[in-house]
Amino acid sequence: MAEYTTTIGLEIHAELKTNSKMFCGCKNDADEKRPNVNICPICMGHPGTLPVVNREAVRKVLQVGVAVGGVLADFTEFDRKNYFYPDIPKDYQISQYKYPLVSGGSLAGVALTRVHLEEDTARSSHEGGVDSLVDFNRAGVPLMELVTEPVMHSAEEAMAFGRELQILLQYLGVSEANMEKGEMRVEVNISVSKTDTFGTKVEVKNINSFRAAGRAIEYEYKRQTELLEKGEKIAQETRGFDENKGITFSQRSKEDSHDYRYFPDPDIPKFLLSEIPEFAVGEIKKTLPETPAQKRVRYTKDYCLKNGDIETFVNNPALAVFFEGATQGLNKDEVQVLANYITSDLAGLIKNATVSEDAVLTTVGVQHMTTLIHMISQNTVSSRGAKDVLKVMSEQGGDPQQIATDKGLVQKNDPEEIKKVIQAIVVEHADRVLEYKNGKDSLLQFFVGQGMKAMKGAGNPEMIQEILLDLLKN
Ligand code: ADP
Ligand code: ZN
Ligand code: MG
């Protein structure tokens with residue numbers, strides 16, 4: 001089968017983390033379990049009510065815009081997107097059409113089309129069969145929509161983009177962006193083609209995880225190429241993704257898709273961002289925390305870490321804070337050792353712990369972590385011993401020096417003491433010493449092992465080897 005190119009564009013929605021809803025004073029609370037408590041005439045769409053734009057929501061979208069290097073709108077307005085559905089009490093959704101807050105920009109090498117602001121819909125549930133229930137707590141929650149250009153070409157690339165956007169939103173404090181909770185929702189547009197021209201695109205909805213996005217893309221690639229190979233046409237349509245079956249299914253064709261009849265919402269004043277000083281690019285910039293991209297640069301420059309370690313820290317801010325704290329007073333080499341112990345050993349202990357990551361990190365303590373690294377670099381503990389000490393530190397806390405002493409893990413570095421032990425071993429294994437001297441070099445490790453055993457694992461293995469070589473020379 002000839003090679004087809006896949007083209008992918010994403011449309012991603014994220015619920016913004018604001019105190020109140022987009023156009024009213026109702027609480028914006030994704031964790032509210034009781035249905036229909038955070039509602040008022042405005043978000044219920046009663047006639048005669050007047051929406052008021054949530055300044056914080058606008059600021060958050062502008063923060064995203066600056067972080068991705070997009071152009072902030074000067075003139076902006078809100079539009080009505082008209083359609084009828086039980087989850088949209090006004091029979092229109094307030095969104096942005098012609099004048100989005102942000103245009104262009106890029107993230108993870110992917111060109112962006114726009115980022116705009118709208119309101120979320122209510123949540124309908126059809127469980128139980130006969131009746132459909134609607135919960136309006138979510139109606140009117142500020143929702144950011146980000147649209148990418150059709151420039152991605154693989155499931156991996158699309159998933160990586162989604163993850164990068166997710167951590168960016170979390171860094172900026174703009175959204176929790178938890179996909180399981182529906183705080184971030186991904187729609188995938190995909191087409192395949194053998195030529196440079198775009199193929200017919202299919203939009204896939206109901207995707208609950210990045211993994212699902214990847215699976216939907218793989219499935220669509222296969223389905224679309226197979227159709228084309230049979231000489232059939234791809235229908236431009238919206239499809240859903242069935243998580244359990246791992247397949248997409250037709251939901252509606254483009255022909256009967258909605259004509260939304262967008263028009264500017266007459267109840268909301270249009271505004272010029274240039275007339276609002278706090279929304280100037282410079283002002284927004286001042287409010288931005290470090291972004292994941294900036295953190296990568298800083299970690300490369302300041303700590304010279306390997307990319308894998310950097311990614312672990314970029315994806316886990318709590319671990320990164322712990323790492324940075326523990327670098328105090330360590331030299332470059334020790335910092336690398338610290339990164340290794342945190343990203344492999346400590347991360348493993350956290351994974352298997354019965355308590356939270358935060359709890360483990362607090363129990364270990366930043367300063368004790370630094371002390372442990374000093375002990376390793378000064379050969380006070382072997383790397384093997386350090387792992388045991390760290391385990392105790394993560395479970396019970398405490399000073400690593402004390403733990404190492406209690407567990408007999410303080411490494412013996414006294415050459416005279418080691419020499420005595422080695423001499424005894426050499427006497428005890430006179431026959432093997434002879435074999436060694438007759439050319440059986442591999443026995444050296446046996447002697448080192450015997451030395452470690454005699455010192456209950458607390459001997460410095462390099463020193464033992466050095467002394468052995470010296471003793472066995474003649
Ligand atoms: P529509 O008008 O149908 O909503 P848009 O042009 O607004 O289409 O694009 C919506 C999304 O579809 C964007 O993410 C865009 O990148 C993506 N897209 C557009 N054309 C294609 C294509 N041929 N293949 C894959 N994705 C596409
Ligand atoms: Zn309300
Ligand atoms: Mg569109």
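Atoms within a ligand are numbered from 1 in the order they appear, just like the ligands themselves.
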Open item on the list: Under 3.5 Å, is there a donor on one side chain and an acceptor on the other for Glu243 and Asn206?
Closed with: no

Task: Numbered atoms and elements of ligand 1 in range of Pro150, under 4.0 angstrom, heavy atoms - done: 16 (O), 18 (N), 21 (C), 26 (N), 27 (C)

Open item on the list: Residue-level breakdown please: for Leu10 versus ligand 1, do any non-hydrogen atoms fall below 4.0 Å on the side chain, on the backbone, on both, or on neither?
Closed with: backbone

- [ ] Would you please say whether a donor-acceptor pair under 3.5 Å links the side chains of Gln294 and Glu290?
- [x] no

Open item on the list: Taking a cutoff of less than 4.0 Å between a non-hydrogen atom of the residue and any ligand atom, is Gly199 in contact with ligand 1?
Closed with: yes

- [ ] Decide yes or no for Leu10 and Met152: does some side-chain heavy atom of the first lie under 4.5 Å from some side-chain heavy atom of the second?
- [x] yes

Task: SG (Cys40) to the Zn ion (ligand 2) to SG (Cys26) angle, given to the nearest 10 degrees - done: 100°

Open item on the list: Side chain or backbone, does Ile190 bring an N or O within less than 3.5 Å of an N or O on ligand 1?
Closed with: no

Open item on the list: Using 30° and 60° as the class boundaries, would you call the ring planes of Phe323 and Phe313 parallel, tilted or perpendicular?
Closed with: parallel

Open item on the list: Closer than 4.0 angstrom, basic N to acidic O: yes or no for Arg34 and Glu32?
Closed with: yes

TODO: Can you figure out which of Thr148, Asn189, Thr238, Val202 has its heavy atom closest to atom 15 (C) of ligand 1?
DONE: Thr148

Open item on the list: When you compare the side chains of Asn340 and Gln336, does any donor N or O come within less than 3.5 Å of an acceptor on the partner?
Closed with: yes

- [ ] Record the part of Glu203 in heavy-atom contact with ligand 1 below 4.0 Å; permitted values are side chain, backbone, both and neither.
- [x] neither

TODO: Report yes or no: do Glu183 and Ser175 form a side-chain donor-acceptor pair below 3.5 Å?
DONE: no

- [ ] Give the numbers and elements of all ligand 1 atoms closer than 4.0 Å to a heavy atom of Ser191.
- [x] 22 (C), 23 (N), 24 (N), 25 (C)

- [ ] State the atoms of ligand 1, each with its element, that fall below the 4.0 Å cut-off from a heavy-atom position in Glu149.
- [x] 16 (O)

Task: Residues Lys205 and Glu203 bridged, charged N to O under 4.0 Å - done: yes

TODO: Would you mind running through ligand 1 and noting each atom that sits below 4.0 Å from a heavy atom of Val147?
DONE: 13 (C), 14 (O)

Task: Phe198: numbered ligand 1 atoms lying under 4.0 Å from its heavy atoms - done: 23 (N)

- [ ] Using only heavy-atom distances, determine whether the side chains of Gln93 and Thr121 contain a donor-acceptor pair under 3.5 Å.
- [x] no

Open item on the list: Tell me the angle that SG of Cys24 and SG of Cys43 form around the Zn ion (ligand 2), rounded to 10°.
Closed with: 110°

Task: Lys201 N/O to ligand 1 N/O under 3.5 Å - done: yes

